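As structure tokens, the structure follows; a few thoughts come after it.
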Amino acid sequence: MITDSATVVIIGSGMGGGTLAWGLAHRGIDVLVIERGDFLPREPENWSPQAVFVEKRYKPTETWVNDADDSEFGPGVHYVVGGNTKVYGSSLPRFRERDFEETIYPNGISPAWPFRYADIEPYYSQVEALFKVHGTTGEDPTEPWRSQPYPYPALAQEAYIEETMMRLQAQGLHPSPTAIGVDLQPGGSCIRCSTCDGFPCRLGAKSDAETCALGPALMTGHVRLLTGVRVTELETDGTDRVVRAVGEKDGERVEITGNAFVVSAGAANSAALLLRSRSERFPDGLANGTGLVGRNFMMHNNTHIAAIDPRRKNDVVFQKTFAMNDFYDDLGDGFPGGTIQMIGKVQASMMKTHATHAPLIMLKRMAERSLEFLVMTEDTPAPHNRITVGSDGRIRVAWNRTNYDRHELLLDKATKAFRKAGYVGLFQQRFTIDMNSHMCGTVVAGTDSATSVLDPWCRAHDVRNLLVVDSAFFPSSAAQNPALTIGAQALRVAAETDWASI
Ligand SMILES: Cc1cc2nc3c(=O)[nH]c(=O)nc-3n(C[C@H](O)[C@H](O)[C@H](O)COP(=O)(O)OP(=O)(O)OC[C@H]3O[C@@H](n4cnc5c(N)ncnc54)[C@H](O)[C@@H]3O)c2cc1C
């Protein structure tokens with residue numbers, strides 16, 4: 001049996017867990033991070049579309065179950081040191097001030113967060129510095145106020161993209177530079193390649209949680225990392241205290257004791273771990289007295305669009321350089337819409353994973369003239385959208401789209417704008433249950449212990465030394481990429497929690 005102990009035990013080394021470890025390390029706190037995966041190797045396959053997208057080299061073989069019809073699917077998760085950030089697009093925008101307030105939609109409510117933008121703003125600045133965020137102010141009409149400038153200037157636009165931006169600006173729209181985390185500045189290691197969004201970085205130049213947070217935390221000597229250990233249960237001493245994380249490594253039992261336990265396993269796995277941790281005192285799972293653990297699963301309403309302008313060859317290398325938030329607060333009917341943002345340049349072999357019947361040569365011609373972007377709107381929390389654990393131990397996801405009329409309206413606005421900008425062919429790929437890269441909710445934070453699982457600092461209302469610090473705490477999904485907000489809250493929790501008295 002493997003045993004170990006630490007003052008704070010963190011389960012999961014992704015955006016939440018890795019960043020929290022950094023925050024705790026800088027307070028001199030003794031931390032052990034437990035990660036089920038291993039280090040993602042730096043190897044030629046990192047940049048191979050065939051290896052990454054077709055052979056799914058860095059995805060687990062694990063399947064989850066769609067509760068609607070019992071079908072299996074391969075989830076959008078990566079069990080490696082750094083979690084999903086090892087492959088993410090590192091688009092790191094702040095949520096807007098309104099995202100922390102209640103928003104009423106025609107068909108749903110996005111609830112208020114238990115803290116305001118002003119409470120998390122200093123930590124947005126800190127996490128932007130940690131993750132080397134590049135950006136600019138004054139061009140996006142919805143940008144929130146900031147106490148510090150961006151640490152680095154926005155990435156330069158390539159000529160093809162600049163031309164597209166001008167065509168959108170001519171319609172009165174405001175395309176503005178993407179806030180993005182890459183090591184691209186004098187002396188930096190980023191070479192501005194075409195294999196960033198969706199790929200691991202072979203150079204360590206992407207601002208992922210291993211590179212920017214966990215790695216530096218380990219260097220302080222206050223943090224240790226245990227890889228290849230899947231935590232299966234948290235055990236209490238019969239009271240409201242967790243005393244042990246139990247797991248397994250290569251078939252061997254692992255027991256880790258500690259003073260405080262932080263679950264940062266990602267929204268689905270964090271909920272599943274709590275649900276699996278049953279005891280006499282917590283018969284329905286740890287911290288689940290209200291039955292809320294696993295509920296209110298969200299993952300954004302997202303659609304990828306490949307827009308084709310047959311008259312222009314797209315020779316861009318790094319495409320994810322602008323976003324458009326003109327319809328974020330108002331779609332023209334007084335209700336919010338969402339964001340439209342560039343994604344990494346899609347290559348023909350990547351298209352083939354979805355357009356399986358299309359000949360590769362045709363996809364190649366398309367890819368030469370296409371520009372790809374993402375239309376993202378908020379899905380509102382609903383208790384019936386939930387994570388449960390099946391009798392076979394597998395994660396089950398019950399998911400029905402919510403607030404989708406807003407998505408349809410923004411898609412309509414986006415396609416009209418790009419058509420007007422010369423893109424006559426617009427191909428849509430709507431996200432399905434397996435495209436859960438932005439998942440959140442499931443262990444929500446709030447001020448009322450009857451309607452939330454965690455307090456505003458992510459500490460369980462009814463388990464004294466348990467925290468959940470990852471996207472699971474989100475009371476709403478907003479309509480911006482989640483990672484920066486997960487990181488900012490992790491730094492806030494690290495700084496504002498009295499760890500000695502837990
Ligand atoms: C292809 C892709 C592109 C993306 N692009 C962006 C983007 O541009 N911008 C953005 O903001 N977000 C993006 N995201 C989403 C972003 O990566 C996630 O929101 C973020 O990583 C979630 O952080 P987390 O801490 O909740 O979970 P994760 O970062 O996934 O970390 C969870 C960790 O817990 C570990 N773990 C799970 N279960 C256990 C267990 N039982 N025991 C021990 N360890 C466990 C996992 O292995 C993992 O390391 C993208 C995601 C993907 C997949």
Side-chain angles (χ1 to χ4, degrees), residues 9-20 33-40 52-53 58-60 62 75-95 127 131 133 178-182 196-200 206-210 213-214 225-234 245-249 254 256 262-274 276-277 299-300 302 320 323 341-344 374 376 395 434-443 468-474 477-478 480-487 489-490:
V9 177
I10 301 176
I11 297 145
S13 66
M15 192 68 196
T19 312
L20 179 73
V33 179
I34 313 176
E35 167 55 51
R36 72 186 286 170
D38 221 316
F39 287 95
L40 194 151
V52 176
F53 289 93
Y58 303 111
K59 278 196 163 184
E62 170 180 296
V77 290
H78 297 78
Y79 296 147
V80 290
V81 174
N84 266 357
T85 68
K86 288 306 289 185
V87 298
Y88 78 163
S90 67
S91 167
L92 295 170
R94 296 180 175 201
F95 282 6
V127 76
F131 281 75
V133 180
T178 302
I180 199 152
V182 281
C196 189
D197 194 2
F199 295 84
K206 171 152 62 183
S207 298
D208 61 55
E210 179 203 351
L214 184 63
L225 171 67
L226 207 50
T227 58
V229 175
R230 187 172 78 95
V231 175
T232 50
E233 202 179 337
L234 294 173
V246 177
E248 61 90 24
K249 182 180 170 78
V254 178
I256 310 293
V262 185
V263 180
S264 302
N269 274 293
S270 286
L273 177 58
L274 299 186
R276 288 185 184 117
S277 302
M299 50 180 253
H300 277 151
N302 281 338
K320 198 170 182 166
Q341 59 182 230
M342 296 300 107
I343 56 172
L374 176 67
M376 188 193 305
I395 289 177
D434 54 328
M435 299 168 83
N436 56 333
S437 54
H438 287 187
M439 62 185 166
C440 64
T442 74
V443 191
V468 179
V469 181
D470 60 17
S471 63
F473 88 84
F474 281 24
S477 69
Q480 295 285 349
N481 317 60
L484 192 79
T485 302
I486 300 169
Q489 172 71 346

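Every number for a ligand or one of its atoms is a count from 1 in the order of the listing. Residues: numbered from 1 along the sequence shown. Model, not experiment: these values are computed from the prediction.
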Does any N or O in the side chain of [X] come within less than 3.5 Å of the main-chain N or O of [Y], such that one atom is a donor and the other an acceptor?
X: Ser270; Y: Ala267; value: no
X: Lys206; Y: Phe199; value: yes
X: Ser90; Y: Ile180; value: no
X: Asp208; Y: Asn84; value: no

Do any nitrogen or oxygen atoms of [X] come within less than 3.5 Å of a nitrogen or oxygen of ligand 1?
X: Asp197; answer: no
X: Gly16; answer: yes
X: Ser471; answer: yes
X: Leu92; answer: no
X: Val469; answer: no

Between Arg230 and Glu62, does any side-chain N to carboxylate O distance fall below 4.0 Å?
no
For Cys440 against Ser477, the heavy-atom pair lying closest together:
SG-CB, 3.7 Å
Specify side chain, backbone, both or neither for [X], according to which of its non-hydrogen atoms lie closer than 4.0 Å to ligand 1.
X: Thr232; answer: neither
X: Ser90; answer: backbone
X: Ser264; answer: backbone
X: Lys86; answer: neither
X: Val229; answer: backbone

Heavy atom to [atom], shortest distance: which of [options] holds it?
atom: atom 2 (C) of ligand 1; options: Tyr88, Phe474, Phe473; answer: Tyr88
atom: atom 28 (P) of ligand 1; options: Val80, Val77, Asn84, Asn481; answer: Asn84
atom: atom 39 (C) of ligand 1; options: His438, Met15, Arg36, Glu35; answer: Arg36
atom: atom 9 (N) of ligand 1; options: Ala490, Ser13, Ser91, Cys196; answer: Ser91
atom: atom 1 (C) of ligand 1; options: Asp208, Val87, Ile486, Thr178; answer: Val87
atom: atom 42 (N) of ligand 1; options: Val231, Leu20, Ile180, Ile395; answer: Val231

side-chain contact (heavy atoms from CB on, under 4.5 Å), paired with Ser471, selected from Ile486, Thr442, Thr485
Ile486
What's the separation between atom CG in Leu226 and atom CD1 in Ile11, rounded to the nearest 0.5 Å?
11.5 Å
Point-to-point distance, once rounded to the nearest 0.5 Å, from OH of Tyr58 to CZ of Phe53:
11.5 Å
I'd like to check the side-chain hydrogen bond (donor to acceptor under 3.5 Å, both in side chains) partners of Ser277; sequence neighbours left out, ordered by chain and number.
none
Report, in ascending order of atom number, the atoms of ligand 1 lying under 4.0 Å from any heavy atom of Gly89.
3 (C), 4 (C), 5 (N), 6 (C), 7 (C), 8 (O)
